[in-house]
Undergrad: 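The structure that follows is given in the form of structure tokens.
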Amino acid sequence: MANVIVVGAQFGDEGKAKVTDLLARNADVVVRYQGGCNAGHTVVVDGNTYKFHLIPSGILYAGTVCMLGPGMVIDPKAFLTELDALLERGLDDSGLKLSGAAHVTMPYHLAIDAAEEASRGDQKIGTTKRGIGPTYADKCARIGIRIEELLDKDVLRSKLEWLVPRKNVILERLYDIPPFNTDELLEEYSGYAKRLSKYVCDTSAIIFRSVQARKNILFEGAQGTLLDLDHGSYPYVTSSSPSAGGACTGAGIGPTIIDRVIGVSKAYMTRVGEGPFPTEQVGEVGEKLRQTGTPWAEVGVTTGRARRCGWFDCILGRYSVRINGLDCLAITKLDVFDEFDEIKVCTSYRDRQTGEEFTDLPSIGSILQRMEPVYETFPGWKSSTSNCRSFKDLPKEAQKYISFLAESLDVPVVIVSVGPKRDQTIVIEDPIHGPKRVLTRSA
Ligand code: GDP
Ligand code: IMO
Ligand code: MG
């Protein structure tokens, strides 16, 4: 048994949901620990495609306890819309739990997110406009509304009476946007609270009891390490802590209960929104990466924006190993390379200004913009991998490519994904059943 964090090792959309769904077959509890409905998580099972934004990707297994942890921000309207769509499809919500300590995204957060982005012009972040930054900002400023406060109409009224006039000043004076009405918000959001209340509990206490009962717990990250507020490409980041450390604060557990951390990376790289992306390919290669895999083309699940595409970056990969303490890797979307003649991998950076070469990230700050990738080229395999179910089924060139990534990041690859469907996966080792964590490569 093991308690495992599933973390995005790149810029988000790595295929975390597919990996979480796969590992959830052996998990008793699945916990989302940060982010909100900025996440877009796709799982494909038996010809059915599920898109999750707030609900953990373990929900497809009846009886699995699925939690939205205290580190999350919840838009009640979005949560109920997502839940209703899943209930209509016959999903079981008996194990669904929502932390009373999670923060609530209110309509003024959505309005401020959109208005701030519009006002930034060229400096925009390219947010998902789901109110994520403003909700976390209120949490840090200690003026946010928690889910448990939403459930108590008197508490909610007194908070809104103080908050709404202040938000309206910002909206009206700074952005020329119509104000919100306190009474209307109170009625609408108390209405949502009535439906939410049956899911609300102290999720951290349940996790602790599950640990004592030696259950398997999966912690499902949203976004990715390079979008982490502290460790990502600031300011082009989200406002939460997607990296492994965030799982402890975001779920309300201590680090000693974590056994393993699996990093999920695509066999290449994508990014949605603005910000540095050293290996980005804007021409033919980028377009081919974007279009390959259609009908699952590289388009954001939440906003429908085209994802920027580029080659795998070992420098950022090694950074992600360091920040998360990754002890194993899942490489997804290998099949996207099936028709490529050659594949490039960035193995070092050259500073465009000084000519200096780096094999590790010199700084995650603005210096990243100056880095020119130095590539190693691998031959393609020009055959389909989507029916491969073991590592040795893969073409030799594909095996070499995966082995190179493992060696370069000094972390074993334990899962290789060769298609979006649950069974299009090569499981070399299931981390839930694997040996306890070692920080140096053992194979
Ligand atoms: P997440 O946000 O990290 O969970 O990833 P997304 O769901 O946003 O994006 C990953 C996309 O790739 C989804 O459409 C998945 O169905 C799809 N996908 C996952 N693994 C594979 C794979 O191995 N091959 C292909 N072709 N698609 C995959
Ligand atoms: P999943 O969980 C990819 C990006 C946005 C933007 C930045 C800040 O599906 O991997 P925000 O709305 O969070 O304030 O936007 O972060 N972003 C994501 N990119 N996948 C995601 O989630 C993302 N969630 C946010 O595009 O650049
Ligand atoms: Mg996604």
Side-chain angles (χ1 to χ4, degrees), residues 6 8 11-14 16-17 20-21 30-43 49-60 66-89 91 93 96-99 101-114 116-117 125-139 144-147 150 185 188-189 192-193 195-196 199-200 203 219-224 227-229 237-242 246 250-251 272-273 299-305 307:
V6 180
F11 290 105
D13 298 330
E14 298 91 345
K16 298 174 294 293
T20 302
D21 165 74
V30 181
V31 191
R32 266 279 306 270
Y33 55 86
Q34 44 69 234
C37 56
N38 49 347
H41 293 171
T42 317
V43 176
T49 300
Y50 300 90
K51 291 184 189 293
F52 304 116
H53 299 283
L54 288 161
I55 292 177
S57 306
I59 195 79
L60 298 179
C66 285
M67 295 179 179
L68 287 78
M72 288 187 73
V73 291
I74 313 293
D75 179 335
K77 221 166 153 175
F79 174 79
L80 292 170
T81 305
E82 184 175 341
L83 180 64
D84 285 341
L86 291 173
L87 291 175
E88 244 171 60
R89 294 176 78 175
L91 257 93
D93 68 342
L96 193 61
K97 317 247 174 251
L98 170 56
S99 168
H103 275 251
V104 181
T105 296
M106 297 293 290
Y108 47 77
H109 293 130
L110 301 173
I112 291 172
D113 193 359
E116 272 183 1
E117 275 286 272
I125 291 166
T127 74
T128 58
K129 300 202 179 107
R130 296 300 186 270
I132 304 300
T135 311
Y136 278 113
D138 276 6
K139 171 179 168 172
I145 299 172
R146 286 176 148 196
I147 291 285
L150 196 69
L185 284 184
E188 183 181 352
Y189 280 75
Y192 298 142
R195 279 204 62 202
L196 290 182
Y199 303 105
V200 178
T203 51
F219 298 90
E220 180 187 18
Q223 289 80 52
L227 292 176
D228 187 285
L229 180 61
V237 292
T238 190
S239 299
S240 67
S241 303
V272 196
V299 170
V301 179
T302 301
T303 56
R305 289 176 291 174
R307 292 173 179 154

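Everything numeric in this text was worked out from a predicted model, so none of it was measured. We number each residue from 1, following the sequence as shown.
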Undergrad: Return yes if some donor-acceptor pair links the side-chain N/O of Glu117 with the main-chain N/O of Thr127 below 3.5 Å, else return no.
TA: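 Yes; judged by distance alone, with no hydrogens or angles, the pair exists.
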Undergrad: Are the side chain of Lys16 and the backbone N or O of Gln223 linked by a donor-acceptor pair below 3.5 Å?
TA: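 Looks like yes, one N/O pair under 3.5 Å.
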Undergrad: Check salt bridge (charged side-chain N to carboxylate O under 4.0 Å, His left out) between Arg195 and all other residues, then give those that pass, not counting sequence neighbours.
TA: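 Salt bridge (charged side-chain N to carboxylate O under 4.0 Å, His left out) list for Arg195, sorted by chain: Asp84.
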Undergrad: Quick check: closest heavy atoms across Val237 and Ile125, and the distance to 0.1 Å?
TA: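 Minimum heavy-atom separation between Val237 and Ile125: O-CG2, 4.2 Å.
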Undergrad: Could you pull out the closest heavy-atom pair between Gly131 and Asp113, with the gap in Å?
TA: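 What the structure gives for the nearest pair is N-OD2, 2.9 Å.
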Undergrad: Below 4.5 Å, heavy atoms only, C-beta onward: do Tyr192 and Phe79 meet side chain to side chain?
TA: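 Side chain of Tyr192 against side chain of Phe79, heavy atoms only: no contact under 4.5 Å found.
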Undergrad: Test your reading of the model: is there a side-chain donor-acceptor pair from Tyr136 to the backbone of Gly35, 3.5 Å cut-off?
TA: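 Yes, Tyr136 side chain to Gly35 backbone: donor-acceptor pair under 3.5 Å.
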Undergrad: Among residues at least two apart in sequence or on other chains, which ones pass ring-ring contact (aromatic ring centres under 6.0 Å, His included) with Phe219?
TA: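 Scan of Phe219 (ring-ring contact (aromatic ring centres under 6.0 Å, His included), adjacent residues dropped) gives none.
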Undergrad: Mind checking side chain to side chain contact (heavy atoms under 4.5 Å, CB included) for Thr20 and listing every partner two or more places apart, or none if nothing turns up?
TA: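 Scan of Thr20 (side chain to side chain contact (heavy atoms under 4.5 Å, CB included), adjacent residues dropped) gives Val6, Val30, Ser57, Leu218, Glu220.
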Undergrad: Does one side chain, of His103 or Asp138, offer a donor that lies under 3.5 Å from an acceptor on the other?
TA: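 Side-chain D/A pair, His103 to Asp138: absent.
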Undergrad: Using a distance-only test with no angle check, is there a side-chain donor-acceptor pair under 3.5 angstrom linking Asp21 and Tyr50?
TA: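 There is no such pair (donor and acceptor under 3.5 Å, judged by atom type) between the side chains of Asp21 and Tyr50.
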Undergrad: State whether the side chain of Tyr189 and the backbone N or O of Met106 hold a donor-acceptor pair below 3.5 Å, judged by distance alone.
TA: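 No, the answer is negative, given that no donor and acceptor are paired below the 3.5 Å cut-off.
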Undergrad: For residues Thr203 and Ser99, report the shortest heavy-atom separation together with the two atoms involved.
TA: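 Looking at all heavy atoms of both residues, the closest pair is OG1-CB, 3.4 Å.
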Undergrad: Which pair of non-hydrogen atoms, one from Leu185 and one from Pro107, has the smallest distance, and what is that distance?
TA: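 Looking at all heavy atoms of both residues, the shortest contact is CD2-CG, 3.7 Å.
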Undergrad: I'd like to know if the side chain of Glu82 reaches the main chain of Leu80, judged simply by a donor and an acceptor atom lying under 3.5 Å from each other, with no hydrogens or angles considered.
TA: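 Not confirmed, Glu82 side chain does not pair with Leu80 backbone.
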Undergrad: Using a 3.5 Å distance criterion without hydrogens, assess whether the side chain of Arg305 forms a donor-acceptor pair with backbone atoms of Gly126.
TA: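 Indeed, once roles are kept as given, a pair shorter than 3.5 Å links the two residues.
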Undergrad: So which atom in Val73 and which in Leu54 form the shortest heavy-atom distance, rounded to 0.1 Å?
TA: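 Looking at all heavy atoms of both residues, the closest pair is O-CD2, 3.7 Å.
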Undergrad: Between the side chains of Asp13 and Arg307, is the shortest nitrogen-to-carboxylate-oxygen separation below 4.0 Å, so that they form an ion pair?
TA: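 Here Arg307 pairs with Asp13 in a salt bridge, since their nearest N and O are under 4.0 Å apart.
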Undergrad: Using atom types as modelled and distance alone, determine if a side-chain donor or acceptor of Arg130 lies under 3.5 Å from a backbone N or O of Thr128.
TA: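 Yes: the side chain of Arg130 pairs with the backbone of Thr128.
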Undergrad: Which atoms form the tightest heavy-atom contact between His41 and Gly221, and what is the distance?
TA: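 Closest approach of His41 to Gly221, heavy atoms only: CE1-O, 3.9 Å.
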Undergrad: Under 4.0 Å between a side-chain nitrogen and a carboxylate oxygen: does that hold for Glu188 and Lys77?
TA: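 Lys77 and Glu188: salt-bridged.
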Undergrad: Could you grab the distance from atom CD of Gln34 to atom CG of Leu68, nearest 0.5 Å is fine?
TA: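 Answer for the CD-CG pair, Gln34 versus Leu68, is 11.5 Å.
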